Amino acid sequence: MKRIDMLVVGGGAAGMLAAVAAREAARKRQIPDKDFSIVILERNALPGAKIRISGGGRCNVTHAAEPDELLARGFLNRSEQRFLRHALHTFRSDDLLALLDRQGVRCEARPDGKVFPVAGFSASDVVHALERMTEERAVTMETSCTVAAIERLEDAFAVTAGERTFTADVLILATGGVSYPSTGSRGDGLLFARRLGHTIVKPSPALAPVLTMEKPSPMLAGVSLRSVALIASAGGKQVGRRGDVLFTHRGFSGPAVLSLSRAVAELFRTEGSCRLFADMFPDLTPDALQETLLLETKRNGAKLVRKFLQHSQGAPPSALIAVIMHQAGVPADVQLSGLARASRLSLLQTLKRFPLGSVKAVPLEEGEVSAGGVSLTEVNPKTMQSRLVPALFFAGELLDYAGEIGGFNLQAAFSVGYLAGRSAAGLRSR
């Protein structure tokens, strides 16, 4: 049975930053590396599996914003904002970029705030940089090491992995959630946390595609609606997001869909059904859109309605216009001057609330992250230490929070991991 000072279960973003922060904190307290062993147990053959596939291999590492702005943009749930505030102020996006830059991985922010490695660098380079950080800090990385059981002893933790058992004074669980199980995020950490006495909020999809009962026409697969208002409606309740929507063979994806998927899944679960709609002209009220249509009719009544739609500001994709007109019951060859009042009202209603279909599923396993996990009320947000079990810390996606698309979740994982590691090292120095 090998005795370890600090054991981290999970070699992803949160786990590796926890180890890095712990060593830095120990060295600042002049604790020799040999007197403070730090080990990461990673079930995969290589660490950082989820980082490697993020952003299609490009890796949206963070979001360029001050901590409070990052919280407001990226975490819409107030309780999650409160929980993450200290972590995001402790380890900011600038701190992360400085660490990567020192490893030779330069990043840049796009106009929308998303931060990616510059051309020539990829998600794998980010992982390699994190690996080098752990190596430079004398952190032992045990890969292909699947933890099967964790037991709380009187003054330590017994962690069983295969035929080996590790005894750790301090334990950090950073095993991820349950999305993309092929990356190793299979919910093991949630099971361990429950057995150690913690409450687990049932995992649910977040940043996931939405599948519909009525599959979109194959001709529309790959077509995007730009900057529309996506609306989900069920049982008199309605939620929405603004952004791009992508038609797929099974339903819908794209930034607005991914962002809204958590709320869609909740509506679908509680109401038993849910319908999706798109407002093609979200910047115009129904009256303003009608006024625009009537004004163009006066100016150029001979123009075909479909031509008007094609050339209007914020126009729907050409491939969708025929579908819109069919849905509204407007003939393809009708002119603006020939558009009867009933047809005009039907067209306006269709443009402002175009039906995308009834929700069939929001697949949990396909989400970029998962919501749910270890209850935030049982974790100290100033340290990430369990309020129930001494010397037990949590980091990353196994905690019950989920951010918006745009680099927010990775930054939260890095920040929470950093805070957990620094705090855990503080126990060793007492």
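Keep in mind it's a predicted model, so treat the numbers as computed, not measured.
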- Message: Arg226: which residues meet the salt bridge (charged side-chain N to carboxylate O under 4.0 Å, His left out) condition with it, sequence neighbours left out?
- Response: Asp244
- Which is it for Leu293 and Leu348 under the side chain to side chain contact (heavy atoms under 4.5 Å, CB included) test, yes or no, and what are the steps along the way? CA-CA 9 Å; Leu293 180 59; Leu348 292 170; 4.3 Å; yes
- Message: Less than 3.5 Å apart, any donor N or O on the side chain of Gln349 or Gln327 sitting next to an acceptor on the other?
- Response: no
- Provide the closest heavy-atom pair for Ala328 versus Leu347 in the form atom of the first, atom of the second, distance. CB-CA, 3.7 Å
- How long is the span from the CG atom in Leu410 to the NE2 atom in His63, to the nearest 0.5 Å? 13.5 Å
- ring pair (Phe, Tyr, Trp, His ring centres under 6.0 Å) against Phe252, all qualifying residues, sequence neighbours excluded: Phe247
- Query: Within the distance-only criterion (no hydrogens, no angle test), does the side chain of Ser415 pair as donor or acceptor with the backbone N or O of Gln411 below 3.5 angstrom?
  - Reply: yes
- Message: Tell me the closest heavy-atom pair linking Thr212 and Leu356, and the distance in Å.
- Response: CG2-O, 4.3 Å
- Message: Are the side chains of Ile200 and Leu191 in contact, using a 4.5 Å heavy-atom criterion?
- Response: no
- Closest non-hydrogen atom pair, Ala265 against Pro205: CB-CD, 3.9 Å
- Task: Find out whether Met280 and Pro317 are in side-chain contact, i.e. whether some heavy atom of one side chain is under 4.5 Å from a heavy atom of the other.
- Result: no
- Close side-chain approach of Val239 to Leu267, heavy-atom, < 4.5 Å: yes
- Query: Atom CZ of Arg58 and atom CD1 of Ile53: how far apart are they, to the nearest 0.5 Å?
  - Reply: 15.5 Å
- Are the ring centres of His198 and Phe192 closer than 6.0 Å? no
- Decide yes or no for Ile40 and Thr140: does some side-chain heavy atom of the first lie under 4.5 Å from some side-chain heavy atom of the second? no
- Query: Do other residues, nucleotides or ligands put more than 12 heavy atoms under 6.0 Å from the CZ atom of Arg387?
  - Reply: yes
- Identify, with sequence neighbours excluded, every residue that meets salt bridge (charged side-chain N to carboxylate O under 4.0 Å, His left out) alongside Asp95. none
- Task: Report yes if the side chains of Glu368 and Leu258 come closer than 4.5 Å at any heavy-atom pair, otherwise no.
- Result: yes
- Provide the full list of salt bridge (charged side-chain N to carboxylate O under 4.0 Å, His left out) pairs with a residue in residues 392-408, sequence neighbours left out, each pair given once. Lys50-Glu397, Arg241-Glu404
- Query: Do Arg73 and Phe408 meet the cation-pi criteria used here (NZ or CZ under 6.0 Å from the six-membered ring centre, within 45° of the axis)?
  - Reply: no
- Item | NZ/NE/NH1/NH2 to OD/OE distance under 4.0 Å, Glu266 and Arg269 | yes
- Heavy-atom neighbours of Met213 CE exceed 12 at 6.0 Å: yes
- Look up atom CG in Leu336 and atom CG in Leu295, then write down how far apart they are to the nearest 0.5 Å. 11.0 Å
- Query: If you round to the nearest 0.5 Å, how far is NZ of Lys237 from SG of Cys274?
  - Reply: 11.0 Å
- Message: Walk me through whether Leu173 and Phe393 qualify under side chain to side chain contact (heavy atoms under 4.5 Å, CB included).
- Response: CA-CA 6 Å; Leu173 288 180; Phe393 293 78; over 6 Å; no
- For Pro363 and Pro209, the nearest pair of non-hydrogen atoms, with its separation, is CD-O, 3.3 Å
- Message: Just to verify, which of Val9, Thr175, Thr160 counts as forming a side chain to side chain contact (heavy atoms under 4.5 Å, CB included) with Val147?
- Response: Val9
- Query: Got a second to check how far Ile51's CD1 is from Ser122's OG, nearest 0.5 Å?
  - Reply: 12.0 Å
- Message: Quick test of your reading: applying salt bridge (charged side-chain N to carboxylate O under 4.0 Å, His left out), list the pairs with at least one residue in residues 78-93, sequence neighbours left out, ordered by first then second residue.
- Response: Glu66-Arg92, Asp68-Arg85, Glu80-Arg262
- Met325 and Leu309, any side-chain heavy atoms less than 4.5 Å apart: yes
- Item | Ring geometry between Tyr401 and Phe75 (parallel below 30°, tilted from 30 to 60°, perpendicular above 60°) | perpendicular
- Query: How far does NE2 of His128 sit from CD of Glu135, to the nearest 0.5 angstrom?
  - Reply: 11.0 Å
- Got a sec: does the NZ of Lys303 have more than 12 other heavy atoms crowding it under 6.0 Å? yes
- Message: Assess, by modelled atom type and distance only, whether the side chains of Glu378 and Ser386 contain a donor and an acceptor separated by less than 3.5 Å.
- Response: no
- Message: Are the side chains of Val416 and Leu399 in contact, using a 4.5 Å heavy-atom criterion?
- Response: yes
- Message: I want to check something: taking the side chain as every heavy atom from C-beta on, are Arg422 and Thr383 in contact at a cut-off of under 4.5 Å?
- Response: no
- Item | Pair listing, salt bridge (charged side-chain N to carboxylate O under 4.0 Å, His left out) test, anchored in residues 275-292, at least two apart | Arg242-Asp283, Asp279-Lys352
- Query: What are the two closest heavy atoms between Ala193 and Phe394, and how far apart are they?
  - Reply: CB-CE2, 3.9 Å
- Worked verdict on Arg110 versus Val115 for side chain to side chain contact (heavy atoms under 4.5 Å, CB included): CA-CA 6 Å; Arg110 294 181 177 178; Val115 179; over 6 Å; no
- Query: Which pair of heavy atoms, one from Cys145 and one from Glu142, lies closest together, and at what distance?
  - Reply: CB-O, 3.6 Å
- Item | Carboxylate-amine/guanidinium contact Glu296 Lys307, below 4.0 Å | no
- side chain to side chain contact (heavy atoms under 4.5 Å, CB included) between Arg152 and Val389: does it pass, once the steps are laid out? CA-CA 9 Å; Arg152 176 64 180 170; Val389 183; 4.1 Å; yes
